[in-house]
Structures are given as C-alpha cells and as structure tokens.
Amino acid sequence: MKKILLTICIAITFYNCTQDYITRSSLTQIAEDNFWKSEQDAFLALNGVYSALQGRSMYGGNLNGWQGFPCFDGLGDNSFNNFKWEGLGNFMEGNIDPSNGPTGAIWNDLYRGIARVNSVIKNVEVISEDLVDLETKQELSGQAYFLRALFYFNLAVYWEDAPLITEPQTLDDAYVPKNTYEQITEQIREDLKLAVEYLPVSHPNNLYGYATKGAALGLFARVQLYNKVYEGEFGVLNLTQQAMGLGYSLHPNYAELFTPDNETSPEVVFSVRFLRGADTNNGEIFSGTFNGFPKGDVRPMRNLANDYYCTDGLPITSSPLYNPSNRGANRDPRATASIYYGGEVYLTEPLRTFQSNGPTTFGQKKYIRTGPDSEGNAVFGEGSQDFYVIRYADILLMRAEAMAETGDVAGARALINQIRGRVGMPAVENVEGAVNQQQMIAIVRHERRVELAFEGLRFMDLKRWGEIENAINRAVSDNASGYNPVYRGGKSEVFPIPQSELDVNPQLEQHPAWK
C-alpha cells in the first residue's frame, strides 16, 4: 500500500493543505507538533478532510485527464468517455488491468481522505473541553463520521473488499489485509448513525458546505438502498421520512439548478464546493468544455437521449409529438436541460451552435459552462460550479424506490408525480394509468435515470439492480463511432486493487474477479 503509506503521514496530510473548504481561501502550513491547540486548529483539520473531496480524481474533475466521479455515468449506458485513455472508456472496453492509473488515483485519493479523517476523529475525541466545548466536539465528530462514511461507501461500491482503517497509522502498522464488503458496510452504518445524532439541521451562512443532519440521512438512505434495506429504524423509508421533515424542497427550475447562481438552493442537501479565484486554488474543471464542441470527452449515449419522454408523457416510439428531424422538440424539459440534441447554442463567446457532431451525435449540457465567466476566464479553465452529491430529488426517488419494492405503489406514485410535476410532465395515472408493483418499479427506475443523468450515480443504480450487463449491451447497440464496450463479468462491475498496492503489501489480495 505504497500510496496509502504516503497519505498516513499525517504531519503532512492536513497541515500542508492550502484550501479552506468553507471560506475557500488559502491556509498556512502548520506542523503537527504545534497542532490541536485550539478550536481553530480542529476546524482547520476538518477543512483538510473536505479539501480531499475537491481532488481532480474525486469531484473536481478534469478536461483531457481523469475526471473523477462527475464522469461516472460513463460506467454503463448513459455516456461515452470519448477520450478513452482518461479511464472509463478503456474500462468499458475491457482495456485496463490493475496497473491502470485512473482507477488507482481514486483509490489513493479515498485513502488520503480516510487518513485525514481518522486523525480528526481521534484528536477531537481527546482534545480538552477547555479548548473545545462538548457541543462543538460532537459537531466536529459528526462531520468526520459523515465524511469517513462517504469515502468508504465509494470504496465499497467500486472495490467491494478493501482495507478498513479506522485509526491513524504509522509505518509499522500500515501493512494490513483487506476487509470484506460486509465489514466495510457495517462500519459505514455505524459512522452514519453517529453523524445523524451529532450533526445540526443547518449551519450559519459562513459555514455553508459543511455536512448537516439531512446530508447524513441522505447518505445513509443511499447506503441502505444500495443494500436493499428498506424497512426498520435504519431503513430507507424511515431515513428519508426524517430527511423530508428538514425543510428541503425542489428547485422550481430544473435547468437553472445546475449553475453557480443556485448552488445554495433548498434542493441541495450536500455538495462539494469550489471557487476559482486569484486567492484560491480550489476551482473545478468538471464543468469545463471545449470551444469546438460541448464537453467533448463525455458524450451522452443515444439510448439515454432517446429515453426521455415527450411532453405528453409517452416514449418517442409511440408519441405523435416526436419529430426525428428536431430531436429535442416537445421533450421532457429535463432532456433539453441535460443534453444538446442539435441546433442549440452551446457557446456564447465565440458564438457556436452544436452541429450534432461527435461519435454519439449528442452533447452534455447539464453542469457545463456556456461561455467565459464574469472575469473573462475561458470555458476550458477552472470554474466555480459546486458538484451536488445529494439532492432532495434523489431523496424522494430513493423513498419512491423503497416504497415500490415493498409494495406501496400509491406512495411511490405520489412521489414520482411530485418529481414529474416540477418540470410539468404528466402524472403517472394520466399516462401509465393503474399500474402494478413491477410496473411501478420500472417507472421509478426510468425516473431516476432521466432526473439524475450526469450526476455520477448511474453505475451504482445499475449494479444495485443487477443491470450492468444489460446496460453495456444497450451501449453496444448504440453503435457509437469508435466505441466498443464489452461485458466481462466481474471485471465490468468492480475496479481492481492497484498493482502498486499489492506490490508493497504482502497481506493485500486482489479482488477475485481480477486474479
């Protein structure tokens, strides 16, 4: 675990951090032996954990490089990583092995964050209440438990079995074996129980971006939905019910939600914050684009673009409103808010219109910039768009899925109607009519796809539903130029443990799918 060994040296992990996650301004280097002497130190260390989320291989993204979680709809049938060497395109075509750099970069960034958060948890626990009062200590701990759960949930989804490290390490105890998926998931649940207990419902404006009780409930529901735990005290139904009582609401304009102007909308439950500026170095590039075409390295797949219904609530295969010569006309507003279908202005300076060029003939619109910022910075440079990890719409959809899976068709229908109503789409009963449980499950799954496209959640949805192979077959059927995805069993459903980790740690074993 060579890269983990680098990150566990906590004398440099926190204290060389140059980003204040909340105020988004530079910090000063601080040596560990002078640290943990005040409340300010504790918050500074916590900000160091949050800053790990901003990495290029995490949520910061890239252009002409490994893009991190914002591009993970490329794992499946939603989009094509056109520059395949960036990672996901090669993964989908079966052209990676354990030495692959992009997947290894995420592994390293996740363990870097875990090393930082473990130090926060340990030191907050022992720091004197004369320095930090009990209520503040609990809130700091709640933040840390939430973040550790987020890091480990990503490991659990993409690697399944991995080392479970919950204490700060030294070089002497760094060589550890991997733990099972079940052990990691149990730790995630325990961390989130504490996060829900300790975190406040909201923070002052100057602390916007710190996790809240709603964020912990939302992540907990996502974990439990992934593991099909619908009922009980810590089931999806109870967790989402609690979150729904905390004051969140759907933003009135779906398209405008995914812009810097609406980053503090009451729909945003938890986001990774970014700010490009002269005195900051935590801008993002996932919203960047090229002048010649929109977001050229991420191309929406045809099967996704065609899956959005027309405004009458019918698929394009049966709606009289569909016009094949104007593919974006009369479509679900989420379609044209998320995808360029052709003929739209995608760049304002210089003025450019999308010509349906590229291997899939579609372009990504959601989150993507359309021109230079107010200071004249280019669209292909760093930007200030926050990435929404958890939205209220997702909480409603998670609850709808749990209801459908447990037979509450009426409850699921009401929630789907709420989601559709936000964009003016017809209610279920007015189009699909009376539906049974299996039909409602299919409706929920469709609604998740069109509502959450390009938000990095598609792979975990497909994997949870046992649909990875079918999704790859849909991608194959699109016949996108230069794209040859292939289903390889387990190798298409889990990342390999980096070879560099296996080389330095004799106790670490590769995932069986990659042996």
Side-chain angles (χ1 to χ4, degrees), residues 73 78 240 244 247-259 261-269 300 303-346 354 362-368 370 388 391-401 403-404 409-435 439-455 457-458:
D73 274 33
N78 273 7
T240 53
M244 290 171 65
Y248 299 106
S249 62
L250 296 175
H251 193 78
N253 188 307
Y254 181 87
E256 292 178 357
L257 175 62
F258 302 93
T259 64
D261 289 341
N262 293 293
E263 292 172 336
T264 59
S265 165
E267 181 165 349
V268 179
V269 179
N303 75 89
L304 168 64
N306 289 346
D307 209 16
Y308 289 89
Y309 296 156
C310 288
T311 51
D312 57 7
L314 296 175
I316 65 171
T317 52
S318 58
S319 173
L321 299 178
Y322 180 63
N323 180 359
S325 64
N326 186 359
R327 300 178 297 181
N330 305 316
R331 302 295 290 277
D332 181 333
R334 291 169 295 187
T336 50
S338 303
I339 296 174
Y340 289 113
Y341 283 81
E344 309 98 324
V345 171
Y346 72 89
F354 182 54
F362 300 97
Q364 182 179 340
K365 185 176 183 181
K366 181 189 282 188
Y367 273 134
I368 307 305
T370 58
Y388 308 148
R391 289 197 287 125
Y392 185 56
D394 188 16
I395 288 176
L396 296 180
L397 287 168
M398 288 190 286
R399 182 172 179 81
E401 182 170 337
M403 286 179 161
V409 172
R413 181 178 62 237
L415 292 170
I416 294 301
N417 287 345
Q418 187 176 345
I419 295 290
R420 289 183 176 182
R422 185 251 294 271
V423 293
M425 288 294 288
V428 172
E429 58 270 24
N430 294 334
V431 180
E432 289 92 346
V435 297
Q439 290 170 324
M440 180 53 69
I441 290 173
I443 289 170
V444 171
R445 292 182 179 186
H446 171 267
E447 207 66 27
R448 281 192 66 83
R449 188 184 198 192
V450 299
E451 174 71 27
L452 302 172
F454 311 120
E455 296 181 45
L457 300 175
R458 183 62 172 169

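As a basis for the values below, the full set of heavy atoms in this structure was taken, side chains included, without hydrogen atoms, waters or symmetry mates. Computed from a predicted structure; not experimentally measured.
Heavy atoms only, all atoms of each residue included: A255 and A337 are closest at CB-CB, 3.6 Å. Residues A400 and A412 come closest through the heavy atom pair O-CB, 3.5 Å. Nearest heavy-atom pair across I339 and K365 is N-CB, 3.8 Å. Heavy-atom minimum distance, E432 versus A427: OE1-O, 4.3 Å. Considering every non-hydrogen atom in both V450 and Y254, the closest pair reads O-OH, 3.9 Å. Nearest heavy-atom pair across V435 and I443 is CG1-CD1, 4.1 Å.
No donor-acceptor contact under 3.5 angstrom links the side chains of T259 and D261, judged on distance only.
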| field | Candidate pair R420 and D332, rule side-chain contact (heavy atoms from CB on, under 4.5 Å), full reasoning | value | CA-CA 9 Å; R420 289 183 176 182; D332 181 333; over 6 Å; no
| Pair R413-V444, side-chain contact (heavy atoms from CB on, under 4.5 Å): steps then yes or no | CA-CA 9 Å; R413 181 178 62 237; V444 171; over 6 Å; no
| message | One pair to check against salt bridge (Lys or Arg N to Asp or Glu O under 4.0 Å): R448 and D394. What are the steps and the verdict? | response | CA-CA 8 Å; R448 281 192 66 83; D394 188 16; 2.8 Å; yes
| task | Apply side-chain contact (heavy atoms from CB on, under 4.5 Å) to the pair L250 and Y392, showing each step before the final yes or no. | result | CA-CA 7 Å; L250 296 175; Y392 185 56; 4.0 Å; yes
| request: Could you give me the CA-CA distance, side-chain angles and deciding distance for N262 and E267, then say whether side chain to side chain donor-acceptor pair (under 3.5 Å) is met? | output: CA-CA 9 Å; N262 293 293; E267 181 165 349; over 6 Å; no
| query | Does the side-chain contact (heavy atoms from CB on, under 4.5 Å) test come out yes or no for R331 and T311, once each step is laid out? | reply | CA-CA 5 Å; R331 302 295 290 277; T311 51; 5.8 Å; no
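Between the side chain of N78 and the main chain of D73, no donor-acceptor pair closer than 3.5 Å is present. Using modelled atom types, no side-chain atom of S318 and backbone atom of L314 make a donor-acceptor pair closer than 3.5 Å.
Here the side chains of Y367 and Y388 are in contact, with some heavy-atom distance below 4.5 Å. The shortest side-chain heavy-atom distance between R399 and M244 falls under the 4.5 Å cut-off. Considering only heavy atoms from C-beta on, E263 stays 4.5 Å or farther from V268 through its side chain. A 4.5 Å side-chain heavy-atom check between R327 and Y322 finds at least one atom pair inside the cut-off. Residues E401 and I441 have side chains not in contact (no heavy-atom distance under 4.5 Å, counting atoms from C-beta outward). Between R458 and L304 the shortest side-chain heavy-atom distance does not fall below 4.5 Å. A 4.5 Å side-chain heavy-atom check between M398 and I395 finds at least one atom pair inside the cut-off. Contact annotation: the side chain of F354 never approaches that of Y341 to less than 4.5 Å [non-hydrogen atoms, C-beta and beyond].
Between the CD atom of Q364 and the CD1 atom of I368 there is a distance of 4.0 Å, given to the nearest 0.5 Å. From L396, atom CG reaches atom CD1 of I416 across 9.0 Å, with rounding to the nearest 0.5 Å. Summarising the geometry, atom CE belonging to M440 is positioned 10.0 Å from atom CD belonging to E447; distances are rounded to the nearest 0.5 Å. For the atom pair CZ (R449) and OH (Y308), the distance works out to 8.0 Å, reported to the nearest 0.5 Å. Distance check: N323 CG to N330 CG gives 7.5 Å after rounding to the nearest 0.5 Å. The line from CE of M425 to SG of C310 is 8.0 Å long, rounded to the nearest 0.5 Å.
The existence of a salt bridge linking R391 and E455 is confirmed by a sub-4.0 Å separation between a basic side-chain nitrogen and an acidic carboxylate oxygen.
The distance between the ring centers of Y309 and H446 falls below 6.0 angstrom.
The cationic group of K366 does not satisfy the cation-pi geometry with F454, failing either the under 6.0 Å distance to the six-membered ring centre or the 45° limit from the ring axis.
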